Structures are given as structure tokens and as C-alpha cells.
Asks: 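Structure below; questions to follow.
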Amino acid sequence: MCGIVGAVAQRNIVSVLVEGLRRLEYRGYDSCGVAVMSNGAPKRARSVSRVSDLDAQVRDSHLDGVTGIAHTRWATHGAPVTDNAHPIFSRDALALVHNGIIENYESLREMLRDKGYEFVSQTDTEVIAHLIHSMYRGDLFQSVREAVKQLHGAYAIAVMHKDQPHTVVGARQGSPLVVGVGNGENFLASDALALAGSTDHFAFLEEGDVVEITLDGVKIVDREGVPAVREVRVVAAYGGAVELGPYRHFMQKEIFEQPRAITDTIPQADHFDASIFGENAKQAFDGIDNLLILACGTSYYSGLTAKYWLESIAKIPTQVEIASEYRYRESVPDPKALVVVISQSGETADTLAALKHAQSLGHKHTLAVCNVGTSAMVRQTELSFLTHAGTEIGVASTKAFTTQLVGMFVLAVTLGKMRGFVDAKQETAYLTQLRHLPAALNSVLALEPQIIAWAEDFARKENALFLGRGLHYPIALEGALKLKEISYIHAEAYPAGELKHGPLALVTEAMPVVTVAPNDTLLEKLKSNMQEVRARGGELYVFADAGTRIVSENGIHVIRMPEHYGPLSPILHVVPLQLLAYHTACARGTDVDKPRNLAKSVTVE
Ligand code: F6R
């Protein structure tokens, strides 16, 4: 999704800005641009192609300057054309970049038109640029503070004015913005990752903050205009780990990184203890008797999987809700609920808003299961569990999902132990299973050649059904989501028992039916559902555990999985579905890491 980089330095800053955009590319965008102060006025280059094209443009035009802002845009208001690409100018005096959505832009546009401002883009962003320009009286910081009071919606902005050529001002509300503190130079960015290589010292702005960066320093006020100090933290891990290496795409690399990511995520301790989730976790867990899980997309499916673990292992009632639904629904708050948000990025606007909504309803105990330790979600929850997937570049989530599952399993066993449902023997067994998981995953990854053969068939289809039961139904959902988002094949998932209640009407010889078939207590039921499909001519593609006695025959293709892996089996079964989606997308020639219309970190609602 949209990305911001800004800098004030004593050196030509264009290459730093463009490199910052390059680091944010993986989030998805459809245009990009950069502006610098040059000979007393902002000058810009914009592209509706890739950052590499923008780079070529700035080199050809010898664009240089010591103060600048840059942006990758994921279109919301107005098509991805050059006029709508940021930086947006106001009367060739002010340049601005914006992430987020301004909800009252239409009334502001009318008001600014009445004042004589001409609009040349279809963006909501242009109203911010003109609004700040209209309020400018020689102090950019002050005019931004005044202007943002009139904005409704979500924004992170960076802005510069020709009369203050060594100043960039930023503001945030509902969209992230960080300050990078350098040596004699300072930066702004929507994600610290953008500034890897320039600084590792970051201050994370809070909601409503307005910031001014100059060569000399950083000035911040909060939403009330009171000077604020935001702790400068060293965030060292950024920078590396984003190389493709021998893989064809980041998604493939990330699928194969899962054994390592899971090893890094499993807690080191030889027992399950509440302290894994934070200092106050024991006290918080003692005071709860149910869970409310809030998340979006793939992270929502990890919540759905976790519900089975939480209710079977910890015997704790668990509700899982899509964040964008929960935030606008009238719900009954329960002071004894632990609110769990699950998110790779920790910045997803809907999940963040759902968390705040839950807190505003009086929910006291909150936990984030998240892959980014410095994210807004981790900062806004009482407790946290960090997944150590490492940077996930592919838009389609893979290693973040399986590491979230590890985090949620650890939560289920920890609560189960505290509530007296997991004894010492069972605890050791769970820990042993977790520790063997990376090795088991390696044996599943070795199935890749067989999956490639299936992918050739799938690449020619336009529809697919995915079936699972119980603990593996959310895995079928995740398999269908992976296939549709990167191969653009329409895919749907059903609990296998639900087939006869409607979707069976879709089954013909042309419909491939992917079936997740663990060797668990529901196996015989699942086999009956498979027969229902075969009887209608549907072709089954089954990932079957050893011991299921499901064999390949006419209309049934089987890939043999290892022995059933007990409650952790979903973590093994999702991997071949990731590989199937990946290789099908490759066979169809789609842009696997950056599928159309999608963004990595969804920071608008
Ligand atoms: C799908 C995918 C998305 C994300 C969703 C939530 O492959 O990646 O569905 O899971 O946008 O994102 P996070 O986990 O960052 O909150």
C-alpha cells in the first residue's frame, strides 16, 4: 500500500529517497514519485510504472536536492495516472505526499475552490496540499497543525514549502509515520524499513502527532499542541533478509523459510509460561474466561484455526471475528474477555481500529500476535507475542501465517495449563511436537515436484473448490484464498459436510476439488463427502496423511503427506496448498509477489 519517505540532509538526498521507495515496493503500488527543493522551488518526477522507471527519470533529469519527499501510491481516489501520483503540488510552492483517506475531501474541495484553488487531480490528497497552502503564513509547522484539525479520516503526510527549503513537516492520524534520526540529517517514513542503511534510530509517532524535521533536529507536538517526546529506539534488524537468493519469487523463498521461521518463533523455555506473553500476562490470564480474536484475511484464518485449539486444549470459549465487521457492529463487551489481535504487519487499519473499538468498549486485556515488534498494534496492546517470520515481501502471506499458528498454539497450551486442562506429561508432549515441527515441514516441502505436476492442471481451470473439516476447514479457506489472490482462479472453501447443502450443485467434471485429508477422527466422514463429489464427476486432488488409505484412482489424485501430526497438523497441511497456489500462478504467468489490485500492508479501511 502507499509508502512515504522524506529527508532533510546536507547531501543530495534523491538516491536515499528512491532507495526508500524501493524498499517499500513489496507493499504494492501503482504509481510513484519524488520531489526535492531545488533552486527555491519544489521539482518532481512521477511515474505510473515501477520505482526503477522513476530512478531512470531522476537520473536523466539530474534531479537533485538536500530536502525531499517521495511516495508510492496505491490508488484509492482517482486512477493510477501521472496527475494523481504524489507528490502533489499546491501552486508550485508546496509539495505533499499522503497515505490514507480523507473522508471530508468533497466539502474541503468546495471550500478551497471558492478560495480560488484549481484542482488538477482526482485525489483526496490535493485538498490537504491546498488547505495547508491556504493557511501558510511563514511557518509550515503551524499551518500543518491548523490544517489537520479540519481533516476527517486517516492520514500520514509529509510536506515541504519553498520558503523553508530545509524543513519537512509530517503528521499522522490512523496511518503510521516514523522519524529516522540520523547524524546531521533527519528522515520521515511510513515504515522504518524504508530507511535501512540511512539510520537505525527511530521515534514512532503517536496518533495526532505533528512533527518538524530540520538539519538540527526534530520537533514534535501531540494532538493538543503540547510538545511531546517520543522515545528514540534502536531498531537494528532492518535492512538485510530481503534478498531473493536462489528463488524465483519472494513467495517461494518465504514458503521454504517456514522451518527456520517456526524454529525462531517457538519459545526457548522448556515449559509453557504466561510470561512469554508479557510481564502482566499471568494476572491478565487469571482474570479472563473467554477470548475474542480480531483479524483480517489470512490472519483471520489463523484465528479460526486457533479457536479449535483454544476450545479443545484450554476449554476456553473463543469467538473469532473479521475486524472490519466487528468495528462497526453493536457488540456486547465482556470485561472477562481477552481481546487478541493477529496481524503480520501490526498496521492493518481495520484490525487496529477494531482493537481501539474493543478498548473503547472497556475491554482491558489485549494481546497482539504480530510479526513487527515496533508496530502500532504491539504498542497499543497490553500483551504481545512476536512471531519471528522475518520480513515477508510476497503480498500473499505464508510464513507469517504458520508462525501466527505457532503463537496461537502456545497461547492455547499456556491457558490450558493455567486452567488445569494440560498436565505435565501433556505439556512435554506438546513441546516435543512443536520442536519437531520444522523437520516435519521439511518433509512436506520435499513434495514440491509432485505439486508442480498438479499445478499444470490447475493453471487451465477457472474455478476450484477446497474442502476440509474441523481443524482443517480454516486451512481449506486459506488454500482457496492463496489460489485466488495470486493465480486469479476463482476458488471457494467449504467444510466438507456442508457440500450437500448447496455447493455440490457446482460440481461437474470441470471442477477440481482440493481436499485436505488428515488422518483424524473425521476421516471417515470426509471420505463420504469425497464420494459425493466423485458421484457427480468432480475430480479430487487430495492431500492425504499416511495411513488414510486414500489412494489414487480414476478421478482421484493423491499426494501422500507424512504421518498425521496431531493438533499441529494444520501447520503441515497448509504448506502444500501454498505451493499449489504458487506453482499454479507461475504456470499462468501472473505477478506472484505483487498480485493485481492488492497491497501488502493494508493501511486504509
Ligand atoms: C493474504 C494476506 C492478507 C492479510 C491481511 C491482514 O495472503 O496476506 O489477507 O493476511 O491483509 O494483514 P495483516 O496480517 O498484516 O494484518
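These numbers were taken from a predicted model, which means no experiment stands behind them. In each ligand, atom 1 is the first atom listed, and ligand 1 is the first ligand listed. Quick note: numbers below take in every heavy atom, side chains included, and nothing from hydrogens, waters or symmetry partners. In this chain, residues are counted from 1 in sequence order.
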Asks: Main chain of Q433, side chain of Y565: is a donor-acceptor contact present, judged purely on distance under 3.5 Å?
Replies: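 Side chain of Y565 to backbone of Q433, a donor-acceptor pair under 3.5 Å: yes, one is there.
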Asks: Looking only at distance, does V395 have an N or O less than 3.5 Å from an N or O of ligand 1?
Replies: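 Yes; at least one N/O pair falls below 3.5 Å.
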Asks: Over all heavy atoms of both residues, which pair between A158 and L188 is shortest? Give the atoms and the distance, please.
Replies: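 For A158 versus L188, the nearest heavy atoms are CB-CD1, 4.2 Å.
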Asks: Could you tell me whether some N/O pair between T298 and ligand 1 is separated by less than 3.5 angstrom?
Replies: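 Right, the criterion is met.
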Asks: Find all atoms of ligand 1 within a distance of less than 4.0 Å from any non-hydrogen atom belonging to K482, and give their numbers and elements.
Replies: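 Atoms satisfying the 4.0 Å criterion: 1 (C), 7 (O).
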Asks: Which of these, L352, T348, L481, has its nearest heavy atom closest to atom 13 (P) of ligand 1?
Replies: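 Shortest heavy-atom distance from atom 13 (P) of ligand 1: T348.
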Asks: As an exercise, identify every atom of ligand 1 less than 4.0 angstrom from a heavy atom of A396.
Replies: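 Within the 4.0 Å cut-off of A396, ligand 1 contributes 7 (O).
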Asks: So, regarding Q404 and ligand 1 (criterion: nitrogen or oxygen to nitrogen or oxygen, under 3.5 Å), is there a contact or not?
Replies: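 No: no nitrogen or oxygen of Q404 is under 3.5 Å from one in ligand 1.
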Asks: Validate the cation-pi geometry between R172 and Y155: distance from NZ or CZ to the six-membered ring centre under 6.0 Å, angle to the ring axis within 45°.
Replies: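 No cation-pi geometry.
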Asks: Just let me know how E347 lines up against ligand 1, side chain, backbone, both or neither, with a heavy-atom cut-off below 4.0 Å.
Replies: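 No part of E347 comes within reach of ligand 1.
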Asks: Working to the nearest 0.5 angstrom, can you tell me the gap between S375 OG and Q380 CD?
Replies: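 Spacing of OG (S375) from CD (Q380) equals 9.0 Å.
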Asks: Minimum distance, heavy atoms only, to atom 14 (O) of ligand 1: which one of G394, S299, S302, A400 is it?
Replies: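 When every heavy atom of G394, S299, S302, A400 is considered, S299 comes closest to atom 14 (O) of ligand 1.
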Asks: Where do G394 and D593 come nearest, in terms of heavy atoms and distance?
Replies: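 In terms of heavy atoms, the two residues are closest at CA-OD1, 3.8 Å.
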Asks: What pair of heavy atoms forms the shortest contact from A354 to R327, and how long is it?
Replies: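 Between these two residues, the closest heavy atoms are CA-CB, 4.0 Å.
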Asks: Need the ligand 1 atom indices (1-based, order shown) with element for anything under 4.0 Å from a heavy-atom of E485.
Replies: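 Taking each heavy atom of E485 in turn, ligand 1 has 1 (C), 7 (O) under 4.0 Å.
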